[in-house]
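Atoms considered below: every heavy atom in the structure, side chains included; atoms not considered: hydrogens, waters and symmetry mates. It should be emphasised that the depicted structure is a prediction, and the values quoted were computed from it without experimental measurement.
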Amino acid sequence: MRWIKAALLTGLLSAPFVNAATDVTAADYGKGNACRRADRLQIEDLDMSPDPMIEGQRIRSFKVRLRFDGNRECETSVSIREGGETVGVERRFNLRPGVNEIELRPAEAYRFRGREHCFNVLVDLEGSRREVDAGRRFCAQQRPAWSMREPGDRPSR
């Protein structure tokens, strides 16, 4: 009979430690609220402000329209890169199912040089950075002034 009491007491006293171990591993991914690798994300649009922008002018912000085809909210970090350089500062964001509009600050020292700049949007899915799928390339081109506008693009705000 004593061994039953000892086993029961041991089980009751060890239960909080088992729960604590699962909480620690879940904290790495936003306690189950993190976006998952299986979640489908797609860039609908990427713009900059101001647009058009004259040579030497500083970008005020990047605006990303990101479609999330999930059935729940999830938390991720979003950033913009050009090649190996981060040009849109990483920001934590809760994605809702449907289209999400995200505004990112540009990197302080970033300026356009050359003739064309093409950007990739990166998100954090379960602790790894992944480039978001896009149906087309998002590039700024130097016409008389720098612009990311395309035919049928949304109006300036």
Side-chain angles (χ1 to χ4, degrees), residues 18-157:
V18 172
N19 289 338
T22 58
D23 288 345
V24 169
T25 56
D28 292 343
Y29 301 112
K31 293 196 178 189
N33 195 31
C35 294
R36 300 181 195 128
R37 291 175 198 210
D39 290 337
R40 183 156 160 64
L41 299 169
Q42 185 170 7
I43 302 171
E44 286 204 344
D45 198 16
L46 174 61
D47 290 318
M48 65 180 183
S49 175
D51 190 346
M53 188 173 72
I54 59 173
E55 188 73 33
Q57 187 176 8
R58 187 176 179 281
I59 299 170
R60 274 194 308 263
S61 67
F62 286 102
K63 296 174 184 167
V64 181
R65 287 175 47 109
L66 192 61
R67 175 174 292 287
F68 172 51
D69 292 335
N71 56 4
R72 60 176 175 66
E73 280 192 13
C74 69
E75 182 181 352
T76 189
S77 61
V78 180
S79 63
I80 300 173
R81 294 183 64 89
E82 178 190 16
E85 181 181 4
T86 298
V87 298
V89 177
E90 184 174 317
R91 176 179 167 207
R92 302 273 325 149
F93 194 79
N94 282 324
L95 294 177
R96 295 174 321 281
V99 177
N100 295 263
E101 293 203 19
I102 302 167
E103 192 166 321
L104 297 171
R105 282 189 352 254
E108 198 62 38
Y110 183 71
R111 300 288 186 276
F112 287 141
R113 293 174 183 83
R115 304 295 288 163
E116 182 177 77
H117 296 270
C118 295
F119 305 102
N120 298 314
V121 176
L122 294 138
V123 295
D124 184 348
L125 300 176
E126 294 180 334
S128 67
R129 309 224 23 95
R130 188 183 114 195
E131 191 174 312
V132 178
D133 293 334
R136 63 184 191 277
R137 291 179 48 177
F138 294 98
C139 301
Q141 297 176 341
Q142 189 176 23
R143 298 170 183 133
W146 286 99
S147 181
M148 291 185 72
R149 294 202 191 230
E150 302 148 339
D153 204 3
R154 65 182 176 173
S156 175
R157 292 182 189 176

Residues pairing under disulfide (SG to SG under 2.5 Å) where one sits in residues 107-138, two or more places apart or in two chains, turn out to be C118-C139

Counting only N and O atoms by type, is there a donor-acceptor contact under 3.5 Å from the side chain of E85 to the main-chain atoms of E82? no

Do V89 and L104 have side-chain heavy atoms sitting under 4.5 Å apart? no

Take D69 and D39, measure what side chain to side chain contact (heavy atoms under 4.5 Å, CB included) needs, and give me the verdict at the end. CA-CA 7 Å; D69 292 335; D39 290 337; over 6 Å; no

Any side-chain heavy atom of E73 sitting closer than 4.5 Å to one from F68? no

Taking the side chain as every heavy atom from C-beta outward, state whether E44 and V99 have any pair of such atoms under 4.5 Å apart. yes

Close side-chain approach of V78 to L122, heavy-atom, < 4.5 Å: no

For N71, does the CG atom have more than 12 heavy-atom neighbours from other residues, nucleotides or ligands under 6.0 Å away? no

Return the minimal non-hydrogen interatomic distance between P50 and R58, and the atom names on each side. CD-O, 4.0 Å

Locate the shortest heavy-atom distance separating F138 from R136; write the atom from each residue and the value. CE2-NH2, 3.3 Å

Any side-chain donor paired with an acceptor under 3.5 Å for S147 and D51? yes

Non-neighbouring partners of R129 that pass salt bridge (Lys or Arg N to Asp or Glu O under 4.0 Å), sequence neighbours left out: E90

Which heavy atom of A145 sits nearest to which heavy atom of P52, and what is that distance? CB-CB, 3.9 Å

Partner set under salt bridge (Lys or Arg N to Asp or Glu O under 4.0 Å) for R96, not counting sequence neighbours: none

N-O pairing of R92 and E75 below 4.0 Å: yes

Measure the spacing between CD of E101 and CG of L66 and express it to the nearest 0.5 Å. 11.0 Å

Side chain to side chain contact (heavy atoms under 4.5 Å, CB included) against T86, all qualifying residues, sequence neighbours excluded: R81

Give the minimum heavy-atom separation between I80 and F62, together with the two atoms involved. CD1-CB, 3.4 Å

More than 12 non-hydrogen atoms from neighbouring residues, nucleotides or ligands closer than 6.0 Å to CZ on R111, yes or no? yes

List the residues meeting salt bridge (Lys or Arg N to Asp or Glu O under 4.0 Å) with R143, not counting sequence neighbours, and say none if there are none. none

Angle between ring planes, H117 versus F119, binned at 30° and 60°: parallel, tilted or perpendicular? parallel

Taking side chain as C-beta onward, heavy atoms only, is L41 less than 4.5 Å from L125? yes

Check whether any side-chain heavy atom of R60 sits under 4.5 Å from a side-chain heavy atom of E103, and report yes or no. no

Return the CD1 to CD distance between I59 and E108, rounded to the nearest 0.5 Å. 11.5 Å

With R65 as reference, evaluate D45, L46, I43 under the side-chain contact (heavy atoms from CB on, under 4.5 Å) test and give the passing residue. D45

Tell me, which pairs form a disulfide (SG to SG under 2.5 Å) where one or both residues lie in residues 63-117, sequence neighbours left out? C35-C74

List the atom of W146, the atom of A140, and the distance in Å for their closest heavy-atom pair. CZ3-O, 3.5 Å

Answer whether the closest heavy-atom distance between the side chains of M48 and M53 falls below 4.5 Å. yes

Under a 4.5 Å cut-off applied to non-hydrogen side-chain atoms, are R72 and R36 in contact? yes

